[in-house]
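As the structure is a computational prediction, the values presented were derived from the model and not from experiment. Every number for a ligand or one of its atoms is a count from 1 in the order of the listing.
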Amino acid sequence: MKPTKIADGVYDVGVIDWNIRDFHGYSTDRGTSYNAYLVVDEKIALIDTVKAPFADQLIGNISQIIDPKKIDVVVSNHTEMDHSGALPRIMHRVGEDKPLYCSKMGGKNLASHFPNAWNYHPVEDGEELTLGKRTLAFMETRMIHWPDSMFTYLKENHILFSSDGFGQHYAGFDKFDDQAGTDLMVQAKKYYANILLLYAPRILKLLEKVVASGIQIDMICPDHGVIWRQGPGRIIDAYLKWSRQEQEKKAVVIYDTMWKSTEAMANAIAEGISLTGVKVKPIHIRSSHRSDIMTEVLDAAAVVVGSPTLNNQMFPTVADVLVYMKGLKPENRIGGAFGSYGWSGESVKLVTAELEAMKFTMIEPGPRLQYVPDGAGIDACIEYGKKIGDAVNAKLL
Ligand code: FEO
């Protein structure tokens with residue numbers, strides 16, 4: 001693939017993974033890219049690599065600009081193997097003795113992944129490296145997305161190489177935000193909801209520090225998806241909103257169903273919510289990937305979860321979604337639980353306990369109906385939906 005010129009002497013030499021559809025449990029319906037950046041100055045720096053199977057493509061892309069042996073410095077912003085998998089091939093090609101810049105934690109984590117005796121240069125937060133006319137500044141950004149994560153800032157060009165931060169799983173030859181399709185922000189939102197939400201307080205602190213510093217950012221180059229050049233402010237503002245867990249007048253009704261009874265309840269609850277003017281979406285778990293469900297949860301003020309009772313438990317797919325959601329730590333939501341049952345009917349209690357563990361403000365009692373809901377049962381669900389909607393309206397006046 002032809003490298004993308006980003007600025008004078010700055011190139012994206014990364015690769016596109018068109019066919020990936022599952023990224024460690026996250027559905028990547030638009031594929032992804034593993035971006036890597038080459039800065040050609042008096043010294044030449046390679047920032048990040050790609051997943052191991054794409055190493056040859058990366059080397060081919062670099063070779064269109066310079067002989068890889070001429071690379072003086074390799075920077076690893078993040079150890080996860082979608083960005084470091086090609087390091088052994090790259091270091092072999094570039095020269096095993098060439099300096100490998102990383103965070104302090106990166107030095108430890110890379111050594112745990114690769115038993116090579118590389119020439120590690122762990123850096124302090126704020127440390128700089130002169131390439132000649134231009135300077136790389138390293139910024140520690142722990143937990144965006146691993147403890148080793150850092151950003152690298154090319155000072156003279158005002159370009160931020162942000163590793164996983166501001167990324168999207170989005171494959172395409174159009175490499176810039178102003179060229180990408182209309183679902184770019186949806187993919188960016190999905191990425192945040194599924195990869196970064198649990199670190200929201202830390203991300204917020206970092207962004208506020210960056211904004212307060214007045215540092216000029218003309219371009220943000222993440223390691224996945226498109227480069228933000230039209231207005232990096234757009235994605236920074238979105239990150240501020242998501243990190244503050246700002247919500248819309250919106251509810252999601254997430255459910256699974258065995259014989260359509262819980263589904264009938266879900267639809268009636270959604271109808272009740274809708275009657276209050278709150279936007280609502282019923283989501284059948286087995287028709288939606290958990291990562292898409294989480295994307296909807298990100299800006300929803302109310303999360304209502306329905307489950308049939310199966311073998312005295314909640315339905316297994318509901319447990320899957322709740323475990324996943326709990327790990328990602330959505331905060332400050334209105335919660336609701338409901339479900340149908342045949343004889344024992346534990347599901348509503350169990351779902352309620354899970355949502356309470358996430359510190360959701362529960363609207364109780366949630367409807368719990370035996371076998372097939374009758375007219376009165378459906379009416380009770382509509383009324384419950386109205387209570388949820390009223391609570392959302394009261395919260396977001
Ligand atoms: Fe794209 Fe956390 O790796």
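Taking 2.8 Å as the threshold, His83 does not count as a candidate ligand of atom 2 (Fe) of ligand 1, since none of its N, O or S atoms lies below it. In summary, no N, O or S atom of His145 is located under 2.8 Å from atom 1 (Fe) of ligand 1.
Atom OD2 is the N/O/S atom of Asp82 found closest to atom 1 (Fe) of ligand 1. Per residue His224, closest N, O or S atom to atom 1 (Fe) of ligand 1: atom name NE2. No other N/O/S atom of His78 lies as close to atom 2 (Fe) of ligand 1 as NE2 does.
An angle of 170° is found at atom 2 (Fe) of ligand 1 between Asp164 atom OD2 and Glu80 atom OE1, rounded to 10°.
Hydrophobic cluster membership differs between Ile283 and Ile269, with clusters built from Ile, Leu, Val, Met, Phe, Trp and Tyr side chains linked at under 4.5 angstrom.
Side-chain contact, His224 with Asn35: no donor N or O sits under 3.5 Å from an acceptor N or O.
Under a 4.0 Å N-O distance rule, the pair Lys133/Glu42 qualifies as a salt bridge. With salt bridges taken as basic N to acidic carboxylate O contacts below 4.0 Å, one links Arg89 and Asp56.
Relative to the ring axis of Tyr341, Arg368 places its NZ or CZ within 45° and under 6.0 Å from the centre.
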